[in-house]
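Report on one structure; see the data block that follows.
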Amino acid sequence: MPEKNCSQKDVKNILMEIYHLLLKHFGKQNWWPVVNKKNKRFEIIVGAILTQNTSWKNVEKAIKNLYENNAFSRKAILEMPIEKLAEIIKPSGYYKQKARKLKEIAKLKGRITRKRLLSVWGIGKETCDAILLYAYDIPVFVIDAYTQRIFSRLGFKKLDYDSLQKLFEENIPKDIEIYKEYHALLDELAKNYCKKIPICEKCPISIFCEYGRNNLKK
DNA sequence: CCCCAGGCCGCGC
DNA sequence: GCGCGGCATGGG
């Protein structure tokens, strides 16, 4: 569908139609879930790191452990021995690496910019952009493996992080609520339908999908 | 037993 | 600049 003869206007319409179909199907997602509202920003930063290639269920356990050990602050994380921090966040997996990542991000102070975040060890593009969008309300569109899988099946050609991010940012309204919801909805779609082995029959956006049409033909 | 989960780093080429 | 192995727990 986003083949050669697809105008900029078509892309805009398609992206927004997909958004509305997903919203209608799954409802509002209200990402990012937070335990302690007073600690919202830092919780999102920590959660973004802990959830790297890890299910949110496991992250919730680690977050709970941090609170129960009175360890959910930059100060506590900086002062704690790294081995102890690792034990506390163990359920989130990759716990030795992630303990180091938490200490690295806790060290960062002053103005937050994309460039500065990306320079922190353990923060790649997705984690960086999730932090900017969900913790700081800065309008950057977050791309993840799910988004890439979905748009690959839809028929889009350029799927690397920067190209996909550009596609969204140039074709949907620059609105943090839409950015937040859209990313969350794509996640929901990937988990429920556009899985590794997809379930196209009930997919809410199959009408736009190259892969889905071929898959449903027979 | 297998595969997967809201990635990222370090390495070799 | 890209591909690949390593990192690790918990759930289906």
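It should be emphasised that the depicted structure is a prediction, and the values quoted were computed from it without experimental measurement. Per chain, numbering begins at 1; letters A, B, ... match sequence-line order. These numbers come from the heavy atoms of this one structure, side chains and all, not from hydrogens, waters or symmetry mates.
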Exercise for review: May I ask you to say whether A:K166 pairs ionically with A:E169, meaning some side-chain N is under 4.0 Å from a carboxylate O?
Suggested key: no
Review point. A:Q52 and side-chain hydrogen bond (donor to acceptor under 3.5 Å, both in side chains): which partner among A:Q97, A:K101, A:K98?
Key: A:K101
Exercise for review: Pick the C1' atom in C:dG3 and in B:dG6, then give their distance to the nearest Å.
Suggested key: 23 Å
Revision key, fill the gap. Per-nucleotide protein contact along nucleotides 4-13 of chain B, 5' to 3', at a 4.0 Å heavy-atom cut-off (B base, S sugar-phosphate only, - neither), is SBBBSSS---
Exercise for review: Report the distance from atom NZ of A:K98 to atom C1' of C:dG6, rounded to the nearest whole Å.
Suggested key: 14 Å
Check your understanding: Angle class for the A:W56/A:W32 ring planes (parallel below 30°, perpendicular above 60°, tilted otherwise)?
Key -> perpendicular
**Study point:** Residues touching DNA chain B, which here means a heavy atom under 4.0 Å, drawn from residues 103-110 of chain A
**Key:** none
**Study point:** Whether A:Y19 and A:Y182 hold their rings parallel, tilted or perpendicular, with breakpoints at 30° and 60°
**Key:** tilted
Check your understanding: Taking the six-membered ring for Trp, are A:Y134 and A:Y179 ring centroids under 6.0 Å apart?
Key -> no
Revision key, fill the gap. Between A:D137 and the options A:K180, A:K40, A:R41, the salt bridge (charged side-chain N to carboxylate O under 4.0 Å, His left out) test singles out A:K180
Check your understanding: Can A:H25 and A:Y193 be said to form a ring pair (Phe, Tyr, Trp, His ring centres under 6.0 Å), step by step?
Key -> CA-CA 12 Å; A:H25 187 90; A:Y193 301 103; 5.4 Å; yes
Exercise for review: With side chain to side chain donor-acceptor pair (under 3.5 Å) as the test, would you mind laying out the steps for A:Q148 and A:D160 before giving the verdict?
Suggested key: CA-CA 8 Å; A:Q148 291 172 321; A:D160 61 285; over 6 Å; no
